[in-house]
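Notes to accompany the following structure.
Keep in mind that what you see is a predicted model, and the values were worked out from it rather than measured. As a basis for the values below, the full set of heavy atoms in this structure was taken, side chains included, without hydrogen atoms, waters or symmetry mates.
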Amino acid sequence: TSLLAQHFARVCAEEGVPADPEALAMVAEAAEGSVRDGLSILDQAIAHADMASDAEGGEGRVTPAQVQDMLGLADKSVQRRLLAALLEADAPGVLELVEAQFALGVEPLALLRSQMELVHRITVAQVSREGAKAISPEERAAIDEWAGKLTAAQLHRLWQLLLKGFEEVRSAPDPLVAAQMALLRVLHAAELPDPGQLARKLEALAANPAALAGATAQATAGGSPTAAAAPAPAAVDWAALVEQVEHGSPMLGASLRLG
């Protein structure tokens, strides 16, 4: 993609057409490795820029906003704001961003795909020695920050939830509603602890029924665990254990059942 973007930059320079690097990177991504397709998209983008110049008296610059509008792509900055809202459990913010993008002509499926691409870039940046691959310094900084803050387990869970949502949106009778519900599910799941870590903690609690009783009492009442004499360890039925935890904390129980 970077090589294509550089090639398109040379083409624009030879033609005397001003173009923003981010716009050319978007054209290169849309070309999916094809120089011919990319040049065709670039010709369209230049034509759009010329029309905008005639209408508004500008310089005919190819900008990210024009390419985004032409291709129906999600704005890169909006992609980052949407992921931030998901991770911060900002449900109203998620819905506002989705509705605003839909009003601009961005398809719900493209919105889910853009989130998947962003999560993939963060995951690659986390394990790569070269750091984040991004089309702007702002995007690179955001990806590097998330790569340092999120765990591998969190990123894989985000990817799985987004992929499930993508499949649902693709076959839904109302893609917008399906996208909203899928992203809200991602938001709530992002708040849950990692199922693997939670299962290990519960297994430890299962060996100490007194601690389990105190933990569930604390989850229910929000207070400190009730002191009690520890009975002799006994085998604990896993299904009953999950049900007991779910009674005290539905979100934790749901995480166990889904995990």
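Side-chain contact check for Glu107 versus Leu111: every heavy-atom pair is 4.5 Å or farther apart. The shortest distance between side-chain heavy atoms of Cys12 and Leu42 falls below 4.5 Å. Side-chain contact between Leu24 and Leu4: absent, with no pair of heavy atoms (C-beta onward) separated by less than 4.5 Å. The side-chain heavy atoms of Trp159 and Thr123, taken from C-beta on, include no pair separated by under 4.5 Å. You'll find the side chain of His120 stays beyond 4.5 Å of the side chain of Met116, heavy atoms only.
The hydrophobic cluster containing Leu184 does not contain Leu158, counting ILVMFWY residues as joined when their side-chain heavy atoms lie under 4.5 angstrom apart, directly or transitively.
Ala147 and Gln126 get closest at one heavy-atom pair: O-NE2, 2.9 Å. The two atoms that bring Ala178 and Ala172 nearest to each other are CB-CB, 3.5 Å, heavy atoms only. When all heavy atoms are compared, the tightest approach of Ala179 to Pro108 is CB-CB, 3.7 Å. The two residues Ile143 and Ile122 make their nearest non-hydrogen contact at CG2-CA, 3.9 Å. When all heavy atoms of Leu118 and Gln79 are compared, the closest pair comes out as CD2-O, 3.7 Å.
Sorted by first and then second residue, the pairs that involve residues 158-183 and meet salt bridge (Lys or Arg N to Asp or Glu O under 4.0 Å), not counting sequence neighbours, are Lys164-Glu168, Glu167-Arg170, Glu168-Arg185.
Across Val169, Leu162, Leu95, a single residue satisfies side-chain contact (heavy atoms from CB on, under 4.5 Å) together with Leu183, and that is Leu162.
Remark: Ser40 pairs with no residue by the side chain to side chain donor-acceptor pair (under 3.5 Å) rule, at least two apart or across chains. The side-chain contact (heavy atoms from CB on, under 4.5 Å) check on Asp90 picks up Ala85, Pro92, with sequence neighbours excluded. Under the side-chain contact (heavy atoms from CB on, under 4.5 Å) criterion, Pro64 pairs with Asp20, Glu22, Ala23, Met26, not counting sequence neighbours. Applying the side-chain contact (heavy atoms from CB on, under 4.5 Å) rule to Met181 yields the partners Val177; only residues at least two apart in sequence or on another chain are considered. With sequence neighbours excluded, the residues satisfying side-chain contact (heavy atoms from CB on, under 4.5 Å) with Ala84 are Glu88, Trp146.
The CG atom of Leu161 sits 12.5 Å away from atom CD of Gln115, with the distance rounded to the nearest 0.5 Å.
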